[in-house]
Amino acid sequence: MLRTHTCGELTLSDKGKQVTLSGWIQRSRDLGGMTFIDLRDRYGITQLVFNMETNAPLCEAARKLGREFVISAFGTVAERSNKNPKLPTGDIEIIVERFEVLNTSKIPPFTIEDNTDGGDELRMKYRYLDLRRNPVRENILLRHRMAIETRNYMNDTGFVEIETPVLIKSTPEGARDFVVPSRMNEGEFYALPQSPQTFKQLLMVAGFDRYFQIVKCFRDEDLRADRQPEFTQIDCEMSFVTQDDILATFEGLVKHLFRKVKGVEVNDIPRMPFSEAMKYYGSDKPDIRFGMKFVELTDIVKGRDFKVFDDAALVAGINATGCAVYTRKQLDALTDFVKRPQIGAGGLIYLRYNEDGSLKSSVDKFYSEEELKRWVAAFGAKPGDLMLILAGEENKTRKALSELRLEMGNQLGLRNPEVFAPLWVVDFPLLEWDDETRRFYAMHHPFTSPKPEDVALLDTDPGKVRANAYDLVINGVEIGGGSIRIHDRGMQKKMFTVLGFSDEDAQAQFGFLMNAFEYGAPPHGGIAFGFDRMCSLFGGSESIRDYIAFPKNNAGRDVMIDSPAPIKQEQLDELGIKLNTKAPKE
Ligand code: ASP
């Protein structure tokens with residue numbers, strides 16, 4: 001028998017039992033007459049002991065075992081004299097009577113313990129070794145629990161899991177596609193799906209009523225810490241529903257996951273219109289774990305010869321409670337923060353409301369105490385508070401102030417990763433104007449329906465049309481998004497026109513969907529959640545990579561299998577692909 005128990009389950013109640021454990025040697029220590037080995041498997045670590053006095057040959061053999069050797073050891077469970085309260089098995093050890101080496105190991109390139117000396121690249125290259133480490137393995141196990149609980153909830157609420165194809169067709173909207181050449185159709189390409197959007201809508205036309213899928217999606221975008229070229233979505237679609245039905249159903253999923261996976265009860269999820277999110281938080285994904293809402297001062301600060309304010313389309317600020325004690329140095333650091341190119345503010349104006357009731361601002365020359373008191377009233381500030389103000393072009397100022405707000409939230413410890421504040425952001429604009437290409441783009445995607453009361457604006461002021469679209473935001477991170485879809489062929493056609501598609505283009509790209517809409521498409525809508533992001537949020541980490549078994553690095557490479565890689569000339573010939581400067585010469 002290779003094992004009777006795992007390395008994570010034996011406790012004092014097993015004292016005296018004869019057991020066989022198998023696993024990897026995490027580390028060993030020779031202490032005079034004794035040798036101790038920490039044996040690791042997926043379930044935990046158990047200490048093995050070998051005693052020179054009672055069994056010298058066995059102890060000597062044990063001393064020859066290297067790190068990461070795979071062994072199977074038979075012995076008796078004994079109480080430890082030196083207990084380790086940090087380990088579930090820390091009260092016991094196994095007095096080994098015999099062992100077998102199941103496999104040897106090279107010396108691993110980094111230590112495989114909770115804290116490791118391995119750098120990022122090295123650990124990516126030997127990902128299978130990194131995955132042996134507890135914290136990394138725990139992340140993958142968390143992901144598994146998230147997936148299972150998602151399936152449980154979706155199944156219990158009548159959703160059907162249906163797979164959609166991975167080899168589909170390239171479409172111009174959205175991000176860049178990954179493409180796959182077709183050998184049987186030379187010169188033609190499949191594309192990998194950016195999402196199963198059109199297929200899930202076709203499944204509604206097909207009458208499946210409630211669909212979901214935990215599905216890989218692919219987007220050929222420049223990478224950031226929280227992006228991967230392939231990522232996973234919980235993709236969902238429902239028929240005969242309103243926006244309220246969808247929000248209620250998926251609020252249920254969010255609560256279920258928090259309850260089952262984290263043991264946390266979350267409150268009912270508040271809803272905030274996009275316009276309010278932008279006005280008070282300068283962001284379509286506000287972190288509502290803390291307040292510090294924007295206060296607009298534009299109307300009360302103009303006309304005092306202070307050019308920065310006089311020239312500004314928007315003057316707005318936040319009130320940092322209890323921060324009047326901030327030193328010059330801290331204020332300078334905040335000024336540097338907002339002036340960083342990524343944030344782009346011209347400068348930072350402050351108003352300190354000292355504990356003794358006095359006021360001190362960086363613009364005292366322009367504003368009397370009376371005037372500054374009006375600012376204080378606008379902020380609702382109390383003695384001890386610090387008001388931080390930015391001014392400039394409207395969108396830029398909101399964006400910069402949003403960053404400053406988050407920074408102050410960090411500095412004041414208001415962004416505790418163990419606190420979860422989900423939020424529905426609703427009523428997004430349908431369209432987004434792009435100055436460069438001088439056309440509208442769908443803010444969500446071209447299948448999103450306008451709010452019925454705004455439809456008339458499509459002809460007169462398309463930028464004003466609101467969509468039946470919503471995002472789920474948790475702690476300032478966009479976790480999911482979706483919409484009620486257009487299910488009417490005429491409206492879908494109109495939408496393509498507004499987006500600048502000619503009839504031919506629309507027919508060539510999306511003809512299959514518009515044709516389907518001629519055969520009784522039910523009203524429908526859906527949502528997709530970023531599953532990797534959700535896992536990282538639940539796990540309390542910023543990086544989604546930690547929650548993916550075999551992730552790509554920042555350059556989109558898998559450094560373990562060394563991909564992407566050139567292919568052989570024969571393969572290229574077969575595919576009818578002529579140009580490849582990287583192909584190995586035969
Ligand atoms: N397909 C959309 C996305 O990937 C989500 C949805 O509208 O359901 O963002």
Side-chain angles (χ1 to χ4, degrees), residues 150 154 159-166 168-178 191-205 208-221 226-239 241-243 245-251 253-254 274 284-285 424-432 441-451 466-474 477-487 492 495 499 509-510 513 521-534 544:
T150 299
M154 299 307 279
F159 284 80
V160 189
E161 185 163 17
I162 304 174
E163 289 163 278
T164 51
V166 172
I168 63 167
K169 184 165 99 172
S170 187
T171 58
E173 285 297 289
R176 218 173 280 121
D177 286 319
F178 280 102
L192 305 183
Q194 298 185 25
S195 88
Q197 185 60 37
T198 47
F199 289 96
K200 66 175 171 175
Q201 292 192 242
L202 292 172
L203 288 170
M204 296 303 106
V205 178
F208 280 98
D209 198 72
R210 290 181 166 212
Y211 141 95
F212 89 104
Q213 184 180 191
I214 299 182
V215 61
K216 272 286 172 74
C217 301
F218 307 85
R219 294 183 192 174
D220 188 3
E221 291 176 301
D226 62 344
R227 287 237 176 104
Q228 285 275 312
E230 55 176 296
F231 60 98
T232 304
Q233 287 192 339
I234 306 171
D235 191 47
C236 316
E237 198 74 8
M238 304 169 81
S239 289
V241 284
T242 61
Q243 174 166 311
D245 298 321
I246 293 187
L247 298 193
T249 304
F250 292 100
E251 183 156 337
L253 172 65
V254 171
F274 169 86
D284 60 0
K285 39 178 187 288
W424 290 113
V425 178
V426 298
D427 301 349
F428 275 84
L430 183 70
L431 303 161
E432 213 172 6
Y441 285 85
M443 189 138 178
H444 188 55
H445 52 53
F447 317 108
T448 295
S449 71
K451 283 203 175 290
R466 289 167 308 156
N468 270 322
Y470 32 80
D471 273 0
L472 177 73
V473 175
I474 305 183
V477 180
E478 184 196 325
I479 291 293
S483 60
I484 297 293
R485 324 300 184 187
I486 298 167
H487 66 278
Q492 188 63 69
M495 186 68 185
L499 293 173
Q509 297 295 336
F510 298 111
L513 187 70
H524 61 288
I527 192 164
F529 299 94
F531 186 59
D532 313 281
R533 251 187 225 182
M534 211 162 183
I544 63 171

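All residue numbers refer to positions in the sequence shown, counting from 1. Ligands are counted one by one from 1 in listed order, and the atoms in each one are counted from 1 as well.
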Going by the atom numbers of ligand 1, which of them fall below 4.0 Å from some non-hydrogen atom of [X]?
X	result
Gly482	6 (C), 7 (O)
Ile527	8 (O)
Ala528	5 (C), 8 (O)
His444	5 (C), 6 (C), 7 (O), 9 (O)

Taking the side chain as C-beta and beyond, is there a heavy-atom pair between Ser239 and Asp209 under 4.5 Å?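 Side-chain contact under 4.5 Å: yes.
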
State, to 0.1 Å, how close [X] and [Y] come at their nearest heavy-atom pair, and which atoms those are.
X	Y	result
Leu499	Tyr441	CD2-C, 3.7 Å
Ile246	Gly525	CD1-C, 3.4 Å
Ala469	Gln243	N-OE1, 4.0 Å

Are Thr164 and Gln213 close enough that a side-chain donor and a side-chain acceptor fall under 3.5 Å?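 A donor-acceptor contact under 3.5 Å links the two side chains.
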
Using a 4.0 Å heavy-atom cut-off, which part of [X] comes near ligand 1: side chain, backbone, both, or neither?
X	answer
Glu237	neither
Arg219	side chain
Arg485	side chain
Ser195	side chain

Please indicate whether any nitrogen or oxygen in [X] is less than 3.5 Å from any nitrogen or oxygen in ligand 1.
X	value
Gln194	no
Asp235	no
Ser483	no

Quick one: does Glu237's side chain have a donor or acceptor within less than 3.5 Å of a partner on His524's backbone?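 Side chain of Glu237 to backbone of His524, a donor-acceptor pair under 3.5 Å: no, none is there.
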
Do the rings of Phe428 and Phe274 sit parallel, tilted or perpendicular, given the 30° and 60° boundaries?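 Taking Phe274 first and then Phe428, their aromatic rings sit tilted (interplane angle of 30° to 60°).
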
Is the Phe159 ring parallel, tilted or perpendicular to the Phe212 ring (thresholds 30°, 60°)?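 Ring orientation, 0 to 90° scale: perpendicular.
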
Provide, to 0.1 Å, the distance between atom 1 (N) of ligand 1 and the closest protein heavy atom, together with that atom's residue and name.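 The closest heavy atom on the protein side is Gln197 OE1, 2.6 Å.
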
Suppose we measure from atom 4 (O) of ligand 1 to each protein heavy atom; which comes out shortest, and what is that distance?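 Ranking protein heavy atoms by distance from atom 4 (O) of ligand 1, first comes Gln233 NE2, 3.0 Å.
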
Can a non-hydrogen atom of Lys200 be found less than 4.0 Å from any atom of ligand 1?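 Lys200 counts as a contact of ligand 1 under the 4.0 Å cut-off.
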
Salt-bridge contact Glu478-Lys285 (side-chain N to carboxylate O under 4.0 Å):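 No, Glu478 and Lys285 are not salt-bridged.
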
